[in-house]
Structures are given as structure tokens and as C-alpha cells.
Amino acid sequence: MSAVNLKAPVTVAYGDGIGPDIMQASLDVLLAAGAQLDLDVIEIGEGVYRRGYSAGIAPEAWDSLRRTRVFYKAPITTPQGGGFKSLNVTIRKTLGLYANVRPCAAYAPFVPTRHPAMDVVIVRENEEDLYAGIEHRQTEEVYQCLKLVSRPGCERIVRFAFEYARANGRRKVSCFTKDNIMKLTDGLFHEVFREVAAEYPDLEHEQWIVDIGAAKLADTPEAFDVIVMPNLYGDILSDVAAQIAGSVGLAGSANIGERVAMFEAIHGSAPRLAGQDRANPSGLLLAGVMMLNHLGQSAVAQTVHNAWLATLEEGVHTRDIWREGVSRRLVGTRGFAEAVIARLGRRPETLAPVTYGANAPFAPPRARLRPPAEKQTVGVDLFVQWRGAPDVLARRLQRLGQGALQLKMITNRGVKVWPDGLPETTCTDHWRCRFMNGGGPVSLDQIVALSARAADAGVDFIKTEHLCTFDGEPGYSLGQGQ
Ligand code: NAD
């Protein structure tokens, strides 16, 4: 009879720079605490980039990730120069790791911060928004980056944030968006937040416009608990939150998908500290604590986290957090790991101890299917490169209008310049020219015919964007200028 392997399979990468030092230290602590892990080591980073793999990961590494579904990753050094792709972005997108979870807690008075009561978790959407990487130079003067936001993408991340809050004994979920300006994309995120929040009456919820929300977060972070955000805001504000907690070097993060999850420190490979036994392994160790919780090994996660807090408050510190009067014993990477191991089973006395496993773990949520909306095409925006006055352009384009499709409006960078534009408006060479049928339906043939007439007339159009309604609601901005 073969023995059953109760150990959780985990893919491990030691990375570059300080990666090998801090990974060894973290694994030593986790295993000493009783973590049941079956490790499969893969190589990523500099050496793999040099062997010609443009994303820093070799094809066979994917087999390991597909098999174990859990990745414990040390930081890598991204080579300078063109032609190299970000390994993290590649992994997140390839494996569908849609949720980036970053706890940002203060450890005052042992780590200095202006916000000793701060304990925020940022849940950042990881796959959509401006990170699709679809950019175009459209005219001599104007460049574009597409911001893509999907309803399933919003639903998954928002529901993840509420599930995370519930499973971790949190009381409130806040949402940051800029839907006063981006009414369709950020508006969708906000709308989904409102819908999903109604499914969690046991949790408080609130909405902030991202700019004032960010200011409040920087000033009074203790007012927040879990915050869910679209990709770009989350990217920026999770670094702000980690910094003001005083602990950029101490923060871990999780990247969670429906099938695979990745755990890592938020800092990089600190090449100047490589191989010197000086780096602080805490960020990667706390990422390891998140991994143990993900694997259902919550008792071990709790033991490690509490021993780590006890080590911190006893003043056993690496050089990066050393402070006269607070720190008592200067240690290197290995010495720090040994100090945590020596305290396994202890709880902190000043800092609040953690308790894990009280609530059931949750499966990463999937988006729910919705009945399709009734879609109707009602017009087209013709984007044109042109230098000159808007009225002259309008007269040229009015001649293209035929039957159902008539020129209704021209905007420049979103500001209406025809009809009834103001002479003060600064115009670029990039014009959005809207053709509609007074709200009635328009066929694709009519749009193609309009484009053909524009081409015949020598109009330099650089793209068309169809205007559709969905269940009667306009699926396009109204272009009044904001
Ligand atoms: P970094 O985070 O490596 O270093 C920033 C500063 O923090 C340095 O002064 C460094 O010495 C210090 N530091 C970082 N981690 C520390 C630790 N654990 N203990 C003590 N001090 C620590 O950022 P960087 O210098 O901008 O980037 C270095 C390399 O890391 C670059 O190649 C970058 O592309 C890469 N990077 C990788 C990841 C990742 O793999 N997830 C993330 C960020 C940066």
C-alpha cells in the first residue's frame, strides 16, 4: 500500500539578488513551524532571461505551476534594456491571477510610523484596466492607451474583497473609483460594488472617489479596513499604504486566481545586498503566512505570524529596521530566521496577536452569468487627424452624411468644439466626429459606406468606434466635455 502524501505541493523559485537568502530563511521558519509542503524548485529571473526566454521563465516551469497551483516566489532582477517582458505581469496574466491582496499593517512602536493604528488590506484588480498594454499613436500629436474593464472582471474582484473581509473577520469594504469622470468604466466597477455589497449585509461598505479617498488613506489610514480598487489605483495606492505603514520591507502579497495562487514579498531583489546575509526576510515570510492560510494550514500560519511579531517586539532586528533605543539585537537574514524559530509557540505581548482559521476559507469567486442585453447600433464616432478650425472640418464632414448617418458633434480631447464651440478651447490634431441617426438604428453597412465616403474624400480617419445602446442605455460617453 503506498503512503498518502499529505503535504501540499508548492512550486518555489529562489529568484535573484537577495532572493536565495530570504527564501531559504523563510522556508526554514515555515518548515520548523510544521508546514506540510512538498517543494518543487524552478528557476526564474536573470539566468532564464539570459538563456533567451523573454519573460524570464522557461516553458517547463509552467508544468510545475499547473501541477502544484501554488507558487512561492522570491524577487527577481529584471534585466535592463528592451526586449524583456515583466515576469510578474506574464505570470499574473497567463495564470489568471486576478486578485492582488496586500495587507499593510503598522508595527508601532517597533517600526516607526505616523499611523500606529493602521491595519489596511488593499485588494487590487490585477488583470484589466490600463494594463492590457494596448496603446497606439494615432496622430502626429495624440497617443492612446485603452482602458478595458469587464463586468465579470469587476464582479470577481469585488466579490473576492467581500469574501476576504468575511473570512478574515474584517468589518468594512471600501471602494475607490473615479466614476465622476470615467462614467462607463469606473462607473461599472462602482455599480458592481453596489450590487455585490447588497449580498453581504453583515459587512459595512462605502464608496470614495479615488482622489479624496487616497488623500484620506494617506492622512487617516485607520479609517479603512479592506479597500477594493481597479488595477492602476491599486498599484499606486498599495505602495503608498505600505510606505505609510512604515513597513515596505515587511509587507507580503498574494496574487490569487481561480486555479493558481502566487505569494511574494512586495520589494525587489535588492542586488546590492545579495549574498551578504543582510536582507530582511520578513516580507517573504509574511507572504508565506498568507500561503499557509491559502493551503488551509492556518494553525501553522498563526504560529509563524505570532512568533514573528514576538521577535519584532523583542527588538531582534535586521539592519533595515534597526533604530537606536528600540532595537536590541542586530541580526542578519539567517539570524533573524533563527530568532523566529526560537520563538515558535510564543505570542506577542505589546502588538496584537493574530488568530487564523476561525472563519471558513473561501474559494476564489467566479463571475455569475447574466442574460445578454439587447444591443442596438445607433451611430459611429469617426476619429480624424486634421489641422485647422473645427467649423471647416465640420463643413467637410457634413458632406459625408447621408440618410441615416448625419454629423451631430465634433469633440477635441473630449471637449465639444462643434456645434457651438468656444474659440478659447485648445485643439490638437485629433478629432472625434460623431455621426448618428437621431437615436434610431444604424446598420454596419451604413457605417462601412460612411467610412468609404470618408476615404474617397481624402479624410484622414484613424479609427472608428461604433455607438451602441444596451437595453436602451447608451454604451458611449455623451461627450459634453467634463
Ligand atoms: P528593491 O525593492 O529591490 O530595493 C529598494 C530598496 O530597499 C533598496 O535600498 C534595497 O536595498 C532595500 N530593500 C529591499 N528589500 C529589502 C530587504 N528584504 N531587506 C533589506 N533591504 C531591502 O527595489 P529596486 O532597487 O527598485 O529594484 C531592484 C530589482 O528588483 C530590479 O531589477 C527590479 O526590477 C526588481 N524588482 C523585482 C520585483 C519582483 O520580483 N516582484 C519587485 C520589484 C522590483
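Counting starts at 1 for both ligands and their atoms, following the listed order.
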Strictly under 6.0 Å, is that where the ring centroids of Trp431 and Phe461 end up? no
Residues Lys216, Asp219: salt bridge by 4.0 Å N-O rule: no
Any ion pair linking Arg366 and Glu155 (charged N to carboxylate O, less than 4.0 Å)? no
Is a side-chain donor-acceptor pair under 3.5 Å present for Asn126 with Asn255? yes
Between Thr68 (side chain only) and Val70 (backbone N and O only), is there a donor and an acceptor less than 3.5 Å apart? yes
Protein residues having a heavy atom less than 4.0 Å from any atom of ligand 1: Ile18, Lys73, Pro75, Ile76, Thr77, Thr78, Asn88, Glu264, His267, Gly268, Ser269, Ala270, Pro271, Leu273, Ala279, Asn280, Asp320
Can you tell me which residue pairs pass the ring pair (Phe, Tyr, Trp, His ring centres under 6.0 Å) test with a partner in residues 19-40, sequence neighbours excluded? none
